[in-house]
Amino acid sequence: MKNKVYENPAAALDGLLFDGMTIMSGGFGLSGNPESLIPEVRASGVKDLTVISNNAGADGFGLWMLLETRQIAKMVSSYVGENKLFEQQYLSGELELELTPQGTLAERIRAGGAGIPAFYTKTGVGTVVAEGKPVETFDDEEYVRETWLRADVSIIKAWRADPAGNLMFRKTARNFNPNMATAGKVTVVEVEEIVPAGSFDPDCIHTPGIFVDRIVLSTINEKRIEKLTVRETETV
């Protein structure tokens, strides 16, 4: 069996990064971000990146780090509303944005992994999302054609992996990460724990190892809460 486990995040990305490439980066808000791999992309100095991710991190965290260094030329994203640096770069013309409805983004990524070049959806019909895209009628309803998304490298975060690359995700981190694992030419996964081969019940594997090329233990597991909301303690 090929050894998929790498010594550290820098080694796991070695030889994969180049200017102008497309990277998929997992995460939903700050949950399931590849916290250890993103700093290594930054340290590599690669530029003119197209990054496919639901959002672009938050102040000082996640993909924000690559925005700060102007390494990202284009984002394909769904949720961009609260990242002020993202907003500034987009409004100033520094950053190109392909805004995609969240469900459509997930399906475009899934389609890329499944080898489906295009599909039709009602989401976005009659809005700027549909501008320049074919629209067809099915059962008297209009649908816009969307195309797959694929990447040179997918960087994702999982909870556990075995040496073969079989993955388990924990709770909200099981968002875009599993689909992105299938849609990259090379998939690099950081995990919190690497378990011995045979540890997983096959029914509990979320992503089979056939989709995973490189594995590395996370060096950063901060798991920030983007907006902490708490309930006042009730007095009896």
Side-chain angles (χ1 to χ4, degrees), residues 1-27 30-53 56-57 60-69 71-72 113 150-202 204-224:
M1 181 178 67
K2 177 185 175 183
N3 180 28
K4 297 183 179 182
V5 179
Y6 283 71
E7 183 179 357
N8 54 57
L13 290 172
D14 185 47
L16 301 180
L17 304 177
F18 56 91
D19 291 349
M21 71 184 298
T22 297
I23 296 175
M24 282 188 183
S25 181
L30 298 183
S31 177
N33 277 246
E35 300 169 82
S36 309
L37 291 169
I38 290 172
E40 297 304 331
V41 176
R42 174 173 168 142
S44 75
V46 289
K47 58 185 185 299
D48 298 325
L49 301 174
T50 294
V51 177
I52 301 166
S53 183
F61 192 78
L63 291 173
W64 184 96
M65 299 175 67
L66 301 183
L67 290 173
E68 184 189 33
T69 52
Q71 288 170 265
I72 300 177
R150 298 186 292 176
D152 297 300
V153 173
S154 290
I155 54 173
I156 66 172
K157 182 163 191 172
W159 177 33
R160 289 175 169 171
D162 67 14
N166 297 307
L167 305 179
M168 289 181 65
F169 298 89
R170 189 170 183 271
K171 299 184 178 180
T172 313
R174 192 180 175 187
N175 41 56
F176 287 88
N177 281 305
N179 282 345
M180 287 185 173
T182 70
K185 292 179 183 176
V186 179
T187 294
V188 183
V189 186
E190 61 173 88
V191 296
E192 296 179 45
E193 184 181 358
I194 298 175
V195 300
S199 297
F200 289 149
D201 178 340
C204 295
I205 293 171
H206 297 143
T207 296
I210 192 171
F211 295 112
V212 174
D213 299 286
R214 300 183 180 189
I215 309 160
V216 66
L217 274 173
S218 298
T219 54
I220 304 171
N221 290 298
E222 190 171 341
K223 300 182 183 178
R224 288 194 199 179

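Counting begins at 1 with the first residue of the sequence.
Separation of atoms CD1 (I205) and CG (N166) is listed at 4.0 Å; rounding is to 0.5 Å. The structure places CD1 of I38 at 7.5 Å from CZ of F61, a figure rounded to the nearest 0.5 Å. Between I23 atom CD1 and L16 atom CG the span is 9.5 Å, to the nearest 0.5 Å. Rounding to the nearest 0.5 Å places CD1 of I156 at 11.0 Å from CE of M24.
Partners of N179 by side-chain hydrogen bond (donor to acceptor under 3.5 Å, both in side chains), not counting sequence neighbours: none found. With sequence neighbours excluded, the residues forming a side chain to side chain contact (heavy atoms under 4.5 Å, CB included) with A43 are E40, listed by chain and number. Residues satisfying the side-chain hydrogen bond (donor to acceptor under 3.5 Å, both in side chains) test with T219, not counting sequence neighbours, are S36. Under the side-chain hydrogen bond (donor to acceptor under 3.5 Å, both in side chains) criterion, Q71 pairs with T69, not counting sequence neighbours. Taking R42 as the reference, E68 meet the side-chain hydrogen bond (donor to acceptor under 3.5 Å, both in side chains) condition, with sequence neighbours excluded. Taking the side chain to side chain contact (heavy atoms under 4.5 Å, CB included) definition, one finds that I210 meets it with P208, sequence neighbours left out. Under the side chain to side chain contact (heavy atoms under 4.5 Å, CB included) criterion, A161 pairs with L167, V191, I215, sequence neighbours left out.
A donor-acceptor pair under 3.5 Å is formed between the side chain of H206 and the backbone N or O of F169. Between the N33 side chain and the E35 main chain, no donor and acceptor come within less than 3.5 Å of each other. D162 places no side-chain N or O within 3.5 Å of a backbone atom of P196 that could act as its donor or acceptor partner. Put simply, the side chain of T187 gets close to the backbone of A181: a donor and an acceptor are under 3.5 Å apart.
For residues 11-22, every residue pair satisfying the salt bridge (Lys or Arg N to Asp or Glu O under 4.0 Å) rule, not counting sequence neighbours, is listed here: D19-K47. Each salt bridge (Lys or Arg N to Asp or Glu O under 4.0 Å) pair with one or both residues in residues 173-182, not counting sequence neighbours, would appear here, but there are none. Contacts classified as salt bridge (Lys or Arg N to Asp or Glu O under 4.0 Å) and involving residues 177-199 (residues at least two apart or in different chains) are given here: D152-K185, K157-E190, R160-E193, E192-K223.
For the pair P163 and A197, the tightest heavy-atom approach, listed with the atom from each and the gap, is CD-N, 3.6 Å.
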